[in-house]
Asker: 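First the structure, then my questions, so here it is.
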Amino acid sequence: LGDHPCPLEGVPMPRVPRGTALVCMSSLFRSVDALRLLSPGGLPHFPRPTLLEVQRSTEAFCAQRWAPDFLGWSDETHTHSTREELPRVCLHAVYAFTLMRDAYGLDLESRELTFAHTL
């Protein structure tokens, strides 16, 4: 990527300066919080994982065997997701990781991200 993050729909995204603390909320929080609970190995440094940790947890989650009644999930499995939303966690987590790495140019090893449900 070099010094030029990926544009979104043709709109260049600003590079986030190193050392900038970011709070990720809404769907970014829900996706990564689901990884924390449902990915093999979880996400030990949540709510402040590195992007590399998010990537590895996403890979482990998405590599699980998907069955019609996946692991007995219910609406109570993840506080912030319904049973119907849980299979899309893989897609949402890949999107969150890609957005932060490619659009915002965040470093894979930094702990500048905090995932939060509320401020």
Side-chain angles (χ1 to χ4, degrees):
L1 291 176
D3 293 326
H4 306 287
C6 175
L8 295 175
E9 294 189 8
V11 177
M13 300 303 294
R15 180 167 281 287
V16 176
R18 291 201 192 286
T20 301
L22 298 173
V23 178
C24 300
M25 300 180 74
S26 191
S27 65
L28 297 176
F29 164 79
R30 285 192 308 273
S31 299
V32 176
D33 185 58
L35 292 176
R36 172 182 69 88
L37 293 173
L38 304 172
S39 182
L43 199 52
H45 295 108
F46 184 87
R48 298 200 61 212
T50 66
L51 276 184
L52 187 58
E53 292 167 348
V54 171
Q55 179 185 32
R56 289 179 178 154
S57 185
T58 299
E59 289 170 351
F61 179 83
C62 296
Q64 294 182 89
R65 183 172 177 266
W66 294 86
D69 188 22
F70 190 70
L71 302 178
W73 283 351
S74 70
D75 283 344
E76 289 79 39
T77 299
H78 181 241
T79 305
H80 306 290
S81 304
T82 65
R83 182 183 185 284
E84 290 76 28
E85 293 171 324
L86 287 172
R88 293 190 290 275
V89 167
C90 179
L91 172 69
H92 292 217
V94 169
Y95 172 78
F97 170 78
T98 304
L99 177 73
M100 292 181 278
R101 183 194 64 188
D102 295 350
Y104 296 122
L106 299 179
D107 184 272
L108 289 174
E109 296 290 341
S110 86
R111 291 208 186 273
E112 297 164 346
L113 297 173
T114 300
F115 291 88
H117 181 60
T118 60
L119 289 179

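Just so it is clear, the model here is predicted, and its values are computed rather than measured. Both backbone and side-chain heavy atoms feed into the values below; hydrogens, waters and symmetry mates do not.
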Asker: Could you go through T50 and Q55, starting from their C-alpha distance and side-chain angles, then the distance that decides it, and tell me whether this counts as side-chain contact (heavy atoms from CB on, under 4.5 Å)?
Answerer: CA-CA 9 Å; T50 66; Q55 179 185 32; over 6 Å; no
Asker: Compare every heavy atom of A93 with every heavy atom of T58, then report the nearest pair and how far apart it is.
Answerer: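 Taking every non-hydrogen atom into account, OG1-CB, 3.5 Å.
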Asker: Give me the atom names and distance for the closest heavy-atom approach of L43 to E53.
Answerer: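 Looking at all heavy atoms of both residues, the shortest contact is CD1-O, 3.5 Å.
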Asker: Does the side chain of H117 reach to within under 4.5 Å of the side chain of H80, using non-hydrogen atoms?
Answerer: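 Of all side-chain heavy-atom pairs linking H80 with H117, at least one is under 4.5 Å.
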Asker: What distance do S81 atom OG and E76 atom CD have between them, rounded to the nearest 0.5 Å?
Answerer: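 Separation between the atoms: 12.5 Å.
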Asker: When rounded to the nearest 0.5 angstrom, what distance separates CZ in R88 from OH in Y95?
Answerer: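 Nearest 0.5 Å value for the CZ-OH distance: 15.5 Å.
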Asker: Give me each pair satisfying ring pair (Phe, Tyr, Trp, His ring centres under 6.0 Å) with a member in residues 32-55, each pair once, sequence neighbours excluded.
Answerer: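 Qualifying pairs, neighbours excluded: none.
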Asker: Nearest heavy-atom pair of P44 and G41: which atoms, and what distance?
Answerer: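 Heavy atoms only, the tightest pair is CD-O, 3.8 Å.
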Asker: Can R48 and T114 be counted as having a side-chain donor-acceptor contact under 3.5 angstrom?
Answerer: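 The answer is yes; a qualifying pair exists.
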Asker: Atom OG1 of T118 and atom CE of M25: how far apart are they, to the nearest 0.5 Å?
Answerer: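 So the gap between those two atoms works out to 6.0 Å.
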Asker: Give a yes or no answer on whether the side chain of T98 reaches the backbone of V94 with a donor-acceptor pair at less than 3.5 Å.
Answerer: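 Confirmed, T98 side chain pairs with V94 backbone.
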Asker: Ignoring hydrogens and angles, tell me if any N or O in the side chain of S57 forms a donor-acceptor pair with the backbone of G42 under 3.5 Å.
Answerer: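 Indeed, once roles are kept as given, a pair shorter than 3.5 Å links the two residues.
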Asker: Is there side-chain contact between R18 and S110, with at least one heavy-atom pair below 4.5 Å?
Answerer: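 No, too far: nothing below the 4.5 Å cut-off.
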Asker: When hydrophobic residues are tied together by side-chain contacts of less than 4.5 Å, even through go-betweens, does L22 share a cluster with L108?
Answerer: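 Cluster IDs for L22 and L108 match.
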Asker: Quick one: do L52 and L113 end up in the same hydrophobic cluster if we chain Ile, Leu, Val, Met, Phe, Trp and Tyr together by side-chain heavy atoms under 4.5 Å apart?
Answerer: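 Yes, same cluster.
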Asker: State, yes or no, whether a side-chain contact exists between M100 and L51 at a heavy-atom distance under 4.5 Å.
Answerer: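 Yes - at least one pair of side-chain heavy atoms lies under 4.5 Å apart.
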Asker: For residues 26-35, please give each side-chain donor-acceptor pair under 3.5 Å, one per line with the distance, not counting sequence neighbours.
Answerer:
{"residue": "S31", "atom": "OG", "partner": "S27", "partner atom": "O", "Å": "2.9"}
{"residue": "D33", "atom": "OD1", "partner": "R36", "partner atom": "NE", "Å": "2.8"}
{"residue": "D33", "atom": "OD1", "partner": "R36", "partner atom": "NH2", "Å": "2.7"}
{"residue": "D33", "atom": "OD2", "partner": "H78", "partner atom": "NE2", "Å": "2.7"}

Asker: Applying the 4.5 Å side-chain criterion to the ILVMFWY set and letting contacts propagate, would V23 and F97 be lumped into a single cluster?
Answerer: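 No, because V23 and F97 fall into different hydrophobic clusters, even though each may have its own neighbours under 4.5 Å.
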